[in-house]
Novice: 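A single structure is presented below for examination.
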Amino acid sequence: MPRFITELKRTHTCGELTKADLDKEVVLFGWVHNRRDHGGAVFIDLRDREGLTQVVFEKDVLPEVHETAGQLRLEYCVGVRGKVAARGANANPKLRTGEIEVHASDLEIFNRSEPTPFQIEDRLETSEEKRLQYRYLDLRRAPLQKALMTRARVNHLTRNYFTESRFLELETPFMVKYTPGGARNFLVPSRLNPGKFYALAESPQLFKQLYMIAGFDRYFQIVRCFRDEDLRLDRQPEFTQIDVEMSFVEQNDIFDVMEGLVCRLWKEVLGVEIPRPFQRMPFQESMTKYGNDKPDLRFDLPHIDITELVRRNGGGGVPMLKDAVEAGGIAKALRVPASMSFSRTEIDKLEEYVKGMGAKGLARAKVGEAGDWTQSPLAKTITPELRQSINAACGAQAGDLVLFQFGKPSTVHTVLANLRVHLAKKHGLIPEYGSNGQWRFLWVVDPPLFEYDEEAGVWAAAHHAFTRPHDEDVQYLESDPGRVNCHRYDLVLNGFEIGGGSIRLHDPAVQARVFKAMGISDDDARSKFGFLLDALKMGAPPHGGIAIGMDRLCMLLTGAESLRDVVAWPKTQKGTDLMTGAPGEVETRQLRELYVKSTHEPR
RNA sequence: GGGGUGUUAGUUAAGCUGGUUAUAACGCCGGCCUGUCACGCCGGAGGCCACGGGUUCGAGUCCCGUACACCCCGCCA
């Protein structure tokens, strides 16, 4: 028998043989995905990343090969040589290769497999904990193989797209100087510089700007970023960005380039045409109507701001509303149409749900035929005037349910934003996961430059300190920082922020005023960003850019339920790797060498 | 730091208001089977019910704590 690999080379993958290949002598390599042993005939589904092919071993034809085939078990890694034969009436329409099968003449078992901890099936039947522990087995499953293949394709298409348009793929360091603000950095102790630390870059932000100042004009990079923050379904501590920066551009130029990329990806990967230009929405409108800056526009259910109505009606006879608004809070309503009827129990569950987000409760009102309210803690005392105003503002009809939140703006927004999506999922307006074939891209634009940091009592950069304010707002930098909007933009898809960027502030004079408004002294600014401030003074071109969350984009593109399904080797919610056990302990000797001492005794 | 859900054979699950020997499917082992493709049939092995306390005559089941996983809030310019 000729030897596989050295003499018999692979001729095809397991996903490509069709009736066009009848009678061909082929060599396949792969894993035993399924076996059906009938005694005289053994059927094997051979699997590689491209698909499945049925291989048949018959006792009558070649007893020795049939004998070896009898030893095969799931996940054995094998090589097969044989002839492609038609399956005729026995064709399997579920398989791409179902019209044919391979009649084996040679079989080599490269490696046996112990029974795997879980079965390698397309259907998800295993806890995520086990999947992560044996990630290399989980990655054998077709859905994950497809997801990673899509991811590879996105990388490839992205490189082509940018390279075609004069962009240069340039690299930036991972080990950088710590700069305050923004996400927590992972720190790397420096052995050569006792007591000092590198930070792992949370993004290439400053370096890509310096590339512009250096004259590279158009930069992109598919780059890993690191952030030491708590994990979520769509957040991993290390993740990949499609990072872009361009000189001599305004916001619309960036949008053009990025819409071009996204449309190409959706066309090439899904065969879907996305209409351009993408919808745009001011930040303020997004907050008012949806409570956050990443609204899912696949359904409506907008929030109604009733703060002004409450104020105008002097509280409208409801002490809770009155107090909340007088204390500087806001009041908002969410109208749930009668068609989405909720039982009392379900509403109580919703109340528990919102309490978990810091809500004090979930005031509600069932709207009657005459616009009256029942089943409501507000109904008894509210003035008819305020009730009618709210009904009108919400467009409430008989049978509708109106839900309320009032108090601190950030809590009201968070609660109602999540509630809106929660209700939509519960009523099938959008699926629990995936796109439902609806792709609602949106640019959220013109947010405020500063956010008021209540704890610190200062204005802080909402994005980063180098975002360009709107020219017409620059005059308010000192007098009213809160009303200064800026050239920043987020790309949103179906309720996920998949990218964000800004036009940068390249004017040193305005830059100085921004720092001042943030309470950062010249000395402070110098010590933190001195190199960039210097650079901005030496002929920095107008420039701007954006970064796309590549993992999130792949998650949405593939319909994955979580980022972990498009990341090959993800971390758990506590940031651990269940396969390798990272992070792990190290010897005291290693720490000493780094001039580092742990204050925590590991258990 | 906070809220929620979960943890029972290798895997996925069932196990009611506490009660005698903890079920099933798939996988695994042995046997039979030449057209299966979720192959079928017969037989078998396999369990610190996550861990630690408590209540009780008696705990997989009730209570408290811990760990781990997942979802969310905070956090993520």
Novice: With RNA chain B as reference, determine whether A/S127 or A/R184 sits nearer its 5' end, using the nearest nucleotide of each.
Specialist: A/S127
Novice: Could you go through nucleotides 3-5 of chain B and list every protein N or O atom that sits under 3.5 Å from one of its N or O atoms, giving the distance for each pair?
Specialist:
none

Novice: Heavy atoms from C-beta onward define the side chain here; which of B/rC28, B/rC71, B/rU36 lies closest to that of A/Q54?
Specialist: B/rU36
Novice: Can you check the A/E114 CD to B/rG46 C1' distance for me, whole Å?
Specialist: 16 Å
Novice: Please name the nucleotide paired to B/rG19 by Watson-Crick or G-U wobble geometry with both distances under 3.5 Å, or report none.
Specialist: B/rC57
Novice: Which heavy-atom pair separates A/V223 from A/D243 by the least distance, and what is that distance?
Specialist: CG1-CB, 4.0 Å
Novice: Hey, does A/S410 reach any base, or is it just sugar-phosphate, or nothing, if we go heavy atoms under 4.0 Å?
Specialist: nothing
Novice: Report yes if at least one side-chain N or O of A/T572 is closer than 4.0 Å to OP1 or OP2 of B/rA69; otherwise report no.
Specialist: yes
Novice: Looking at the side chain of A/N90, which of B/rA69, B/rC75, B/rC37 is the nearest nucleotide?
Specialist: B/rC37
Novice: Report the base-pairing partner of B/rA69 (Watson-Crick or G-U wobble, both distances below 3.5 angstrom), or none.
Specialist: B/rU5
Novice: In terms of side-chain heavy atoms of A/R87, which of B/rG35, B/rC39, B/rC71 is nearest?
Specialist: B/rG35
Novice: With C1' as the reference atom in both, quote the distance from B/rG15 to B/rA24 in angstrom, rounded to an integer.
Specialist: 11 Å
Novice: As a test of reading the structure: which of B/rC68, B/rU12, B/rC37 is closest to the side chain of A/R36, going by heavy atoms?
Specialist: B/rC37
Novice: Please check if the number of heavy atoms outside A/R298 that lie under 6.0 Å from its CZ is greater than 12.
Specialist: yes
Novice: For A/R488, which contact category applies under a 4.0 Å heavy-atom criterion: base, sugar-phosphate, or nothing?
Specialist: nothing
Novice: Which residues pass the side chain to side chain contact (heavy atoms under 4.5 Å, CB included) test with A/E202, sequence neighbours left out?
Specialist: A/A183, A/N185, A/R227
Novice: So, under a plain 3.5 Å distance rule, would you say the side chain of A/R232 forms a donor-acceptor pair with the base of B/rG74?
Specialist: yes
Novice: For A/H38 and B/rC39, are the ring centres under 5.5 Å apart with planes inclined under 30°?
Specialist: yes
Novice: Between the base of B/rC76 and the side chain of A/R235, is there a donor-acceptor distance below 3.5 Å?
Specialist: yes
Novice: Between A/Y290 and A/H303, is a ring-ring contact (aromatic ring centres under 6.0 Å, His included) present by the stated rule, with each step listed?
Specialist: CA-CA 6 Å; A/Y290 307 109; A/H303 303 165; 7.0 Å; no
Novice: Give the rounded distance in Å between these two atoms: NZ of A/K360 and P of B/rC73.
Specialist: 19 Å
Novice: Please determine, by modelled atom types, if A/H103 and A/E101 share a side-chain donor-acceptor pair under 3.5 angstrom.
Specialist: yes
Novice: Would you say A/D565 and A/S562 are linked by a side-chain donor-acceptor pair, where the criterion is simply a distance under 3.5 Å?
Specialist: no
Novice: Nearest of B/rC37, B/rC72, B/rC75 to any side-chain atom of A/E229?
Specialist: B/rC75
Novice: Does any donor-acceptor pair link the side chain of A/E129 with the base of B/rU7 at a separation under 3.5 Å?
Specialist: no
Novice: Go through B/rC28, B/rC76, B/rG74 for me and flag the one nearest to the A/T414 side chain.
Specialist: B/rG74
Novice: Give me the distance, rounded to whole Å, that separates B/rU61 from B/rC28 when you measure between the P atoms they each carry.
Specialist: 33 Å
Novice: Within this structure, what is the CG-to-P distance between A/D230 and B/rC73, rounded to whole angstrom?
Specialist: 11 Å
Novice: When the distance from CD of A/E75 to P of B/rC26 is rounded to whole Å, what number comes out?
Specialist: 18 Å
Novice: Find which nucleotide of RNA chain B each of A/A465 and A/M357 is nearest to by heavy atoms, and output the residue with the more 5' nucleotide.
Specialist: A/M357
Novice: Using OP1 and OP2 only, check whether a side-chain N or O of A/T576 sits under 4.0 Å from B/rA69.
Specialist: yes
Novice: Between B/rC70 and B/rC63, how far apart are the C1' atoms? Round to whole Å, please.
Specialist: 25 Å
Novice: Where the side chain of A/K574 is defined as all heavy atoms beyond and including C-beta, which of B/rA69, B/rG74, B/rC70 is the nearest nucleotide?
Specialist: B/rA69
Novice: Return the nearest nucleotide to the side chain of A/D37; candidates are B/rC33, B/rU11, B/rG74.
Specialist: B/rC33
Novice: Using atom C1' of each nucleotide, how far apart are B/rA59 and B/rG19 to the nearest Å?
Specialist: 10 Å
Novice: Please assess A/Y211 against A/Y219 for the test ring-ring contact (aromatic ring centres under 6.0 Å, His included), listing each intermediate value before the final yes or no.
Specialist: CA-CA 8 Å; A/Y211 270 134; A/Y219 145 98; 5.7 Å; yes
Novice: Classify A/E101 by what it touches in the nucleic acid, base, sugar-phosphate, or nothing, heavy-atom distance under 4.0 Å.
Specialist: base
Novice: Could you work out which one of B/rU11, B/rA38, B/rU36 sits closest to the side chain of A/F118?
Specialist: B/rU11
Novice: What's the closest nucleotide to the side chain of A/N34 if the choices are B/rC39, B/rC70, B/rC26?
Specialist: B/rC39
Novice: Could you give the distance separating B/rA67 and B/rG46 at their C1' atoms, to the nearest angstrom?
Specialist: 26 Å
Novice: Can you check the distance between B/rU21 and B/rC32, where both ends of the measurement are the P atom (answer in whole Å)?
Specialist: 38 Å
Novice: Tell me whether A/R483 forms a cation-pi arrangement with A/Y476, defined as NZ or CZ under 6.0 Å from the six-membered ring centre and within 45 degrees of its axis.
Specialist: yes
Novice: Do A/N292 and A/H413 get their side chains close enough for a donor-acceptor pair, meaning under 3.5 Å?
Specialist: no
Novice: With both distances under 3.5 Å as the test, what is the Watson-Crick or G-U wobble partner of B/rG10?
Specialist: B/rC26
Novice: If we ignore angles and hydrogens, is there a donor and acceptor under 3.5 Å between the side chains of A/H66 and A/E58?
Specialist: no
Novice: Once you apply the 3.5 Å cut-off to both distances, tell me the Watson-Crick or G-U wobble partner of B/rG52, or none.
Specialist: B/rC64
